[in-house]
Amino acid sequence: MGLVNDANHHDATAPGATTPGALPSYATGPDPAGPGPTDLDTTGPDSNPAAAALSGLLRLLAEGAPAEHLTAAAARARDGGARAADAALVEEAARAALGIRRTLDQHRRREAELTALFDTAGDLAALRDLDSVLRAIVRRARTLLGTDVAYLTLNDPAVGDTFMRVTDGSVSAAFQQLRLGMGEGLGGLVAQTARPYASSDYRADGRFRHTTAIDRGVGEEGIRGILGVPLRVGTRVIGVLYAADRAVRAFAPDAVALLSSLADHAAVAIDGARLLEETRAALVDLNEANETVRAHSEAMRLATETHDRLTELVLRGGEIEDLAREVAALLGGGIVIHDVDGTELARVASEPIAPPVRGAAESRSGGRAVPVDGTWVWAVLAGPELLGSIALTGRGPLTGQAPLTDSERRLFERAGLVTALLLLLRRSIAEAEDRVRGELLGDLLTPQDGDRARDAGSLTLRARRLGLDLARPHSVLVLHCEEAVRARLAAETARRARALRGLSGVYEGRVVLVAPALVPDDRPGPVARTLAAELGRVLETPVTVGAAGPADRPGVLSAAHAEALRCVEALHTLGRTGHGAALPDLGFLGVLLGDRADVGGYVERVLGPVIAYDDRRGTELVRTLDAYYAHGGSLSQAKDALHVHVNTVVQRLERIRRLLGDDWNSPASALELQLALRLHGLSDR
């Protein structure tokens, strides 16, 4: 190089010297003047081949000529007749130029790699999605190292292995789904040791622990040379970045350094993307939590408002109908409330519906409101006792309207609790009234002496205060059941008494009902039969009801009670427990037991159709029937007594059968008929 400096100095001071920048381009070939003299002391480069060669080397270096051009310049100096010493200097200069050329190439390559790394860092910094980051990493690794395939695996701490995450240039499905245990294969070893490893021909490389799955995947992909470097965040290895060729390839240290630098950038980008995703997920969770809190706050606000409105309704003495209107407005549906008997207590914005027995049972067992056939149902309970049900229509899953939210369902259930409170308040008031009514009932049913007779006006006034008009005729019914359910019988009877605007209570150990007659001559027998059947079904036990009346003034209610009591005892005696009747319904036994025996009524009830037929047709069916029984049912004796043909007797008895029924001659009916005939005969006389 000292020679190069001397030559340049010499050329610069020599007359007619040409500057290096003025030399012709290396691409034009050798100097057309041809080789000059070999003396180094010549005055121009054209006269000295060595000087010309040195100048050419400098020019070629400056222009970035290929290495073979540098070697050719030295050969021209040697072949041009330069002295041996000068030729040696030129060759040495050429070798130095080649070294400089390699250094410059390395610098340029390093500069290109650094530029690519900076570009990669910028690209990765711009990405926010983890999948996009990973795809960009493997694509850039494949481009920078010029390999057939690049791929990336990530560690799975839960399983304890590393799995294929992204590939670029891969064609094998088995390869793309590989999982490598820690220490298995080249990648597993990199993931375990956090050190880069390279293999020029992995298939034949015995340094690595080969497994069937890995070898099958690598073989199917056709990979030979592999380079793998760790992806590290601090001291933690999160995965491995690979570059691989399908031909045998030895990876130089520069390639290892380049891929490691890319892996460092990639690890930071991956961790950044992961943190960003975690931040996004945290924001999503935070938004969801905020929405949940907002919804809960709104539900709490609505629940508080609802509680205040319903509480105010209860405190101001609101009725069930008021509650139904409030709940219907709150929930945007129809409300129907039934009591435990299925009686509709209130209905708002809804068509009538049947009592939801199945829904109430499901709600009672589950403790929640339940949808049944498009209607939400809540069992109204007071502890374990069922008081009734509340139903919400128009908001069920089958209605096509907005479904009931959890907060709305809780509001509906809260309304059910308030309904239970109102029903309990009503029952408490009713029980208090029942006590007052019971006291009045006791006074009305107690036999009156002279002093009590003078208190009839007071009894009438007390009754009027309770909504009972004693000026109307009233029937008295005595009810009997097993002692274990007597309290329930009294409660059920009290409910019916309120509906009938009557009185009920327990008097002398029996449940008694005083009910107004619908018409002045209304007979209590049918009422007793209906009441016995209904109460027996509700209580699931036989209920026997004896009735008397109607009584047209307070003073005779005690006598009617005594008659109704005798009727109950007669029903038990006759084996008709669980039935209802009045004494007239019991036939001659009722006549015998009754204090106010209605003989005419009994005769009319038993023998009336036959008497009426005789009156209309002028026949003698009553006389024929009397003769028939008087002669012990003998047709021949009856026809002699009547002075008619036996066929006439038979025809008359057939007519009687049609009037009285097929069982007219059964023992029980025959006894009734004979008694009625005797009473009829007495009344005629």
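Heads up: numbering here begins at 1 and tracks the sequence.
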* **Side-chain heavy-atom pair Leu607, Ile611 within 4.5 angstrom cut-off** => yes
* Asked: Is there a donor-acceptor pair closer than 3.5 Å between any side-chain N or O of Arg486 and the backbone N or O of Gly509?
  -> yes
* When you measure from the side chain of Thr530 to the backbone N and O of Pro526, does any donor-acceptor pair fall under 3.5 Å? -> yes
* Can you tell me how far CD of Gln674 sits from OG of Ser669, rounded to the nearest 0.5 angstrom? -> 11.0 Å
* Side-chain (Ser428) to main-chain (Leu424) donor-acceptor, under 3.5 angstrom -> yes
* To do: State plainly whether the residues Glu492 and Arg495 are in salt-bridge range, i.e. N to O under 4.0 Å.
  => yes
* Are the side chain of Ser666 and the backbone N or O of Asp663 linked by a donor-acceptor pair below 3.5 Å? -> yes
* **Donor-acceptor pair, side chain of Thr375 and main chain of Leu392, under 3.5 angstrom** => no
* Report, as yes or no, whether the 6.0 Å neighbourhood of atom CD on Glu351 holds more than 12 heavy atoms from other residues, nucleotides or ligands. => no
* Asked: Less than 4.5 Å apart, any side-chain heavy atom of Thr619 and any of Arg652?
  -> no
* **Gap separating the CZ atom of Arg510 from the CG atom of Leu489, nearest 0.5 angstrom** => 11.0 Å
* Hey, does Trp378 have a side-chain heavy atom less than 4.5 Å from the side chain of Leu417? -> yes
* Structure fact -> Which of Thr493, Thr541, Leu539 passes side-chain contact (heavy atoms from CB on, under 4.5 Å) with Arg488? Answer is Leu539
* Mind telling me whether Trp664 and Tyr628 have parallel, tilted or perpendicular rings, with 30° and 60° as the class edges? => tilted
* **Donor-acceptor under 3.5 Å (Asp339 side chain, Asp341 main chain)** => yes
* Just wondering, do Leu660 and Leu673 contact through their side chains at under 4.5 Å, heavy atoms? -> yes
* Asked: Any chance CZ of Arg657 has more than 12 other-residue heavy atoms, nucleotides or ligands included, within less than 6.0 Å?
  -> yes
* Just by modelled atom types, is the Arg410 backbone N or O under 3.5 Å from a matching donor or acceptor in the Arg368 side chain? -> no
* To do: Mark yes or no for whether Asp322, through its side chain, and Glu319, through its backbone, hold a donor-acceptor pair below 3.5 Å.
  => yes
* Could you go through the side-chain contact (heavy atoms from CB on, under 4.5 Å) check for Val327 and Thr419 one step at a time? => CA-CA 10 Å; Val327 178; Thr419 303; over 6 Å; no
* Nearest-0.5 Å distance, CG of residue Leu625 to CD1 of residue Ile656 -> 4.5 Å
* Quick one: are Pro352 and Arg347 in side-chain contact, heavy atoms under 4.5 Å? -> yes
* **Glu312 bridged to Arg309 by N-O distance under 4.0 Å** => no
* Asked: Is the shortest heavy-atom distance from the side chain of His338 to the side chain of Val336 under 4.5 Å?
  -> yes
* Asked: Hey, are Arg623 and Asp626 close enough for a salt bridge, meaning a charged N less than 4.0 Å from a carboxylate O?
  -> no
* Asked: Is Glu408 reaching over with its side chain to a backbone N or O of Thr405, donor-acceptor style, under 3.5 angstrom?
  -> yes
* Charged N to carboxylate O under 4.0 angstrom, Glu362 versus Arg358? -> yes
* To do: I would like to know whether Glu291 and Arg294 meet salt bridge (charged side-chain N to carboxylate O under 4.0 Å, His left out); could you show each step before the answer?
  => CA-CA 5 Å; Glu291 183 63 24; Arg294 189 199 64 77; 2.8 Å; yes
* Would one find more than 12 heavy atoms of other residues, nucleotides or ligands at under 6.0 Å from atom CD of Glu344? -> yes
* Are any of the side-chain nitrogens in Glu534 or Arg537 under 4.0 Å away from the carboxylate oxygens of its partner? -> no
* To do: Answer whether the closest heavy-atom distance between the side chains of Arg655 and Leu659 falls below 4.5 Å.
  => yes
* Asked: Is any side-chain heavy atom of Val348 closer than 4.5 Å to a side-chain heavy atom of Glu321?
  -> no
* Asked: Quick one: do Asp585 and Arg529 make a salt bridge, cutoff under 4.0 Å?
  -> yes
